[in-house]
*Asks:* 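Okay, handing you the structure first.
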Amino acid sequence: TRDDVSKAKPYYITTPIFYVNAAPHVGHMYTMILTDVLKRWQELKQRKSILVTGTDEHGMKIQQAAAKAGVPPKEFCDRGAEVFKDLAKRIDISNDVFIRTTDQRHKEAVEYTWQTLQEKGYIYERKHEGWYSVSDETFYPQPQVQLIVDPPSGRKIMVSIETGKEVEWTSERNYHFRLSAFRDKLLAFYASNPSFVVPHSRMDDVVKQVTNSLADLSISRPVERLTWGVRVPSDPTQTIYVWLDALLNYTTAAGYPFTPGSETSGGWPADVQVVGKDIVRFHCIYWPAFLMALDLPLPKQILTHAHWTLGRQKMAKSTGNTVNPFWALDRFGVDIMRWYLVHEGGISDDADYDNRFIIEKYKKHLQGGLGNLTSRIMRGKGWDVRRAVQQYAHEESEEYPTVSNESHKEGRRMFGRIRALPGQVDAHMRDLHPNRALQALSKAVADMNGYLQQASPWTAVTRLQSVAADTTGNEMHELSKAGQSPEDLEAEIDRTIYLAAETLRLVGLMLQPCIPASAKKLLDMLGVSQERRTWEWCQVGKDDGYGTSLVELGRGEYGVLFPRLTSDF
Ligand code: ME8
């Protein structure tokens with residue numbers, strides 16, 4: 001059945017492969033983290049998943065950068081790739097593959113692909129003239145370039161209107177891919193897969209572009225100009241265009257050319273491919289067309305996210321307007337950066353990066369929100385979380401356990417909200433909006449803190465204590481005049497604590513994909529057993545066994561969940 005097949009095929013998710021010509025910045029880190037959170041969400045659901053990241057090492061841009069650095073290109077790439085590998089490790093990216101386009105296996109897959117495309121008649125040779133941007137590694141048609149005066153040099157230069165990058169006129173013979181032949185097929189595909197590109201606004205742009213014009217694509221350069229790349233198998237005077245080479249990394253990493261009978265075991269087709277909005281055309285137009293030409297299945301979805309800006313300018317290595325991710329990690333730590341970038345990062349709209357925002361959001365949502373709720377519940381005096389859980393956790397209990405008292409209306413409402421939370425968060429994740437998923441979790445925590453303030457279990461605790469301490473019987477009398485017994489008060493405290501504890505448990509479970517270390521700490525503190533940390537336990541009342549901390553609360557790293565930042569500015 002279809003279900004069996006989809007179970008057999010691992011979930012497959014990719015990041016772009018990054019150019020090694022400059023050091024990674026916060027933008028690259030963002031893409032990696034977003035991808036990792038989506039992958040770990042699948043793992044929370046116990047689905048076998050594969051994450052691929054890596055480096056894009058061929059092409060004019062790298063060739064020129066290596067020459068400028070005076071280093072042989074391969075050595076230059078080895079160094080660059082190492083830095084991206086280090087970053088992936090440092091931020092706890094659970095990549096199963098780190099692919100480099102200079103890997104032998106990949107180069108062979110590119111040659112094989114070229115031959116296949118040629119045999120199928122999709123490649124032809126002709127003279128090509130046009131404007132090429134080395135920085136963007138792409139040709140631009142005449143209407144997409146303009147003459148400007150370069151402010152620093154006063155020189156008149158031609159630039160791409162879209163990216164502002166300099167272009168140069170080139171006239172040469174090279175090979176072309178019959179992209180135009182795929183226009184109708186692409187449009188039909190988009191029409192029947194309206195969420196192929198996320199978000200919708202970019203899907204619309206893609207459809208518009210393909211509708212307007214789709215020219216054949218130059219896919220090789222003469223070796224006199226470009227040596228650093230894979231040679232055209234049938235013609236050693238030409239080097240394969242870097243974007244064709246680069247896009248194929250996704251299928252190489254999944255085992256292409258596939259062994260007949262096990263086409264899907266490496267994960268292809270991809271479930272989600274995550275890219276920045278700067279490379280939409282390559283991933284949403286060229287890539288599906290190449291795959292169609294190869295008779296390979298298309299990725300299910302392309303998540304195109306917005307950019308981080310710095311002072312409202314795009315963070316980009318070509319302009320040097322960047323934040324070094326290693327510095328940010330040294331300063332704030334891995335989990336804060338993972339959480340902040342996903343919580344605040346843009347899918348549709350750009351987000352501005354600022355240390356002050358990181359501090360502000362951390363204080364508000366993690367320290368003041370989740371951290372505060374955790375210590376209120378786990379270190380509060382006068383109740384026993386374990387007892388409350390034992391009392392009220394029942395898988396089948398659909399309703400918040402009520403008494404006649406009016407004040408429990410709000411409790412019932414909170415209970416309903418917490419019960420709906422996993423479904424809401426999951427829906428955001430399925431829509432590929434992890435930012436909204438995290439924001440929903442923050443909101444639930446904030447609301448629970450608000451509710452706790454109002455329900456004020458500590459008041460009931462004080463009340464109980466004074467009843468117990470009062471030998472005159474007056475307190476007891478007052479209590480029964482209000483129609484209550486000490487047992488009622490106790491039950492009320494337990495109900496509130498149970499509600500808060502369930503919030504913490506569910507939020508902790510669902511934060512595991514984003515902040516694995518802090519979520520583990522929280523679940524340890526709550527006493528959630530190792531085997532009960534998967535998606536099937538993300539249901540109110542499902543786990544009746546937690547509540548006794550697995551660690552010594554208040555000691556060492558379990559002092560507080562989210563400690564004070566060492567500096568506040
Ligand atoms: O384009 N904000 O590599 P690249 C958010 N090698 N994300 C950003 C960003 C920003 N300011 N700047 C960069 C390439 N990114 C090609 C890809 S794939 C077959 C080949 C992220 O090193 C974002 O994901 O220029 C963007 O698409 C990617 O880095 C570009 O990285």
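The shown structure was predicted, so the numbers you read here are calculated from the model rather than taken from an experiment. Ligands are counted one by one from 1 in listed order, and the atoms in each one are counted from 1 as well. Heavy-atom basis, side chains included; hydrogens, waters and symmetry copies ignored.
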*Asks:* Identify, by atom number and element, the atoms of ligand 1 in contact range of Gly27, meaning under 4.0 Å from any of its heavy atoms.
*Replies:*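 Answer for ligand 1: 2 (N), 5 (C), 7 (N), 8 (C), 9 (C), 10 (C), 15 (N), 21 (C).
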*Asks:* Look only at interatomic distance and state if Asp56 has a nitrogen or oxygen under 3.5 Å from any nitrogen or oxygen of ligand 1.
*Replies:*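 By distance alone, the answer is yes.
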*Asks:* Where is the nearest protein heavy atom to atom 21 (C) of ligand 1: which residue, which atom, and how far?
*Replies:*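 That would be Thr31 OG1, 3.4 Å.
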*Asks:* Considering only heavy atoms, which of Trp287, Trp308, Phe282 lies nearest to atom 2 (N) of ligand 1?
*Replies:*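 Heavy atom nearest to atom 2 (N) of ligand 1 belongs to Trp308.
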*Asks:* Do Tyr132 and Glu137 have side-chain N/O donor and acceptor atoms under 3.5 Å apart?
*Replies:*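 Judged by distance alone, the side chains do pair up.
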*Asks:* Short N/O distance, under 3.5 Å, between Gly276 and ligand 1?
*Replies:*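 There is such a contact, yes.
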*Asks:* May I ask you to check whether Ile17 has an N/O atom sitting below 3.5 Å from an N/O atom of ligand 1?
*Replies:*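 Looking only at distances, the answer is yes, because the N/O contact criterion of under 3.5 Å is met.
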*Asks:* Got a salt bridge between Arg155 and Glu166, using NZ or NE/NH1/NH2 to carboxylate O under 4.0 Å?
*Replies:*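 Looking at Arg155 and Glu166, the cut-off is met.
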*Asks:* Give a yes or no on whether the backbone of Ser94 and the side-chain of Asp36 come within a donor-acceptor separation of less than 3.5 Å.
*Replies:*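 A pair under 3.5 Å: yes.
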*Asks:* State whether Arg90 and Asp330 are salt-bridged, where the test is any N-O pair (Lys NZ or Arg NE/NH1/NH2 against Asp/Glu carboxylate O) under 4.0 Å.
*Replies:*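 A salt bridge is present here (some side-chain N lies under 4.0 Å from a carboxylate O).
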*Asks:* Would you mind running through ligand 1 and noting each atom that sits below 4.0 Å from a heavy atom of Pro16?
*Replies:*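 Taking each heavy atom of Pro16 in turn, ligand 1 has 18 (S), 24 (O) under 4.0 Å.
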*Asks:* With no hydrogens and no angle check, just 3.5 Å: does a side-chain donor-acceptor pair link His307 and Asp278?
*Replies:*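 Distance-only check passes for His307 and Asp278.
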*Asks:* Taking distance alone, with N or O pairs closer than 3.5 Å, would you say Tyr19 contacts ligand 1?
*Replies:*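 N/O-N/O distance under 3.5 Å: yes.
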*Asks:* In plain terms, say whether Asp350 and Arg312 are close enough for a salt bridge, that is, a side-chain N and a carboxylate O under 4.0 Å apart.
*Replies:*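 No, this pair does not count.
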*Asks:* Say whether Met315, considering both its backbone and side-chain N or O atoms, lies within less than 3.5 Å of an N or O atom on ligand 1.
*Replies:*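 So ligand 1 has an N or O lying under 3.5 Å from an N or O of Met315.
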*Asks:* Would you call Glu43-Lys39 a salt bridge at under 4.0 Å N-O?
*Replies:*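 Counted as a salt bridge, because a side-chain N and a carboxylate O are separated by less than 4.0 Å.
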*Asks:* For atom 29 (O) of ligand 1, what's the nearest protein heavy-atom neighbour? Residue, atom name and distance, please.
*Replies:*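 The closest heavy atom on the protein side is His28 CD2, 3.2 Å.
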*Asks:* Taking the basic N atoms (NZ, or NE/NH1/NH2) and the acidic carboxylate oxygens, is any pair closer than 4.0 Å for Glu129 and Lys127?
*Replies:*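 Answer for the salt bridge query: yes.
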*Asks:* Under a 4.0 Å heavy-atom limit, does His283 contact ligand 1 with its side chain, its backbone, both, or neither?
*Replies:*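 Only the side chain of His283 comes within reach of ligand 1.
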*Asks:* Using a plain distance cutoff, I'd like to know if Phe18 has any nitrogen or oxygen under 3.5 Å from a nitrogen or oxygen of ligand 1.
*Replies:*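 No, since none of the N or O atoms of Phe18 sits under 3.5 Å from an N or O of ligand 1.
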*Asks:* Going through the checks in order, is the side-chain contact (heavy atoms from CB on, under 4.5 Å) test met by Ile99 and Arg105?
*Replies:* CA-CA 10 Å; Ile99 189 169; Arg105 225 182 71 64; over 6 Å; no
*Asks:* Has ligand 1 got any nitrogen or oxygen that is less than 3.5 angstrom from a nitrogen or oxygen of Asp278?
*Replies:*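 Yes, there is a polar N/O contact under 3.5 Å.
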*Asks:* Please determine whether a side-chain nitrogen of the Lys or Arg among Asp103 and Lys107 lies less than 4.0 Å from a carboxylate oxygen of the Asp or Glu.
*Replies:*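 No, no charged N to carboxylate O under 4.0 Å.
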*Asks:* Suppose I only count heavy atoms of Ala246 and a 4.0 Å limit; which atoms of ligand 1 are within that range?
*Replies:*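 Near Ala246, the atoms of ligand 1 are 19 (C).
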*Asks:* What is the nearest protein non-hydrogen atom to atom 12 (N) of ligand 1, stated with its residue, atom name and distance?
*Replies:*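 I find the closest protein heavy atom is His25 CE1, 3.2 Å.
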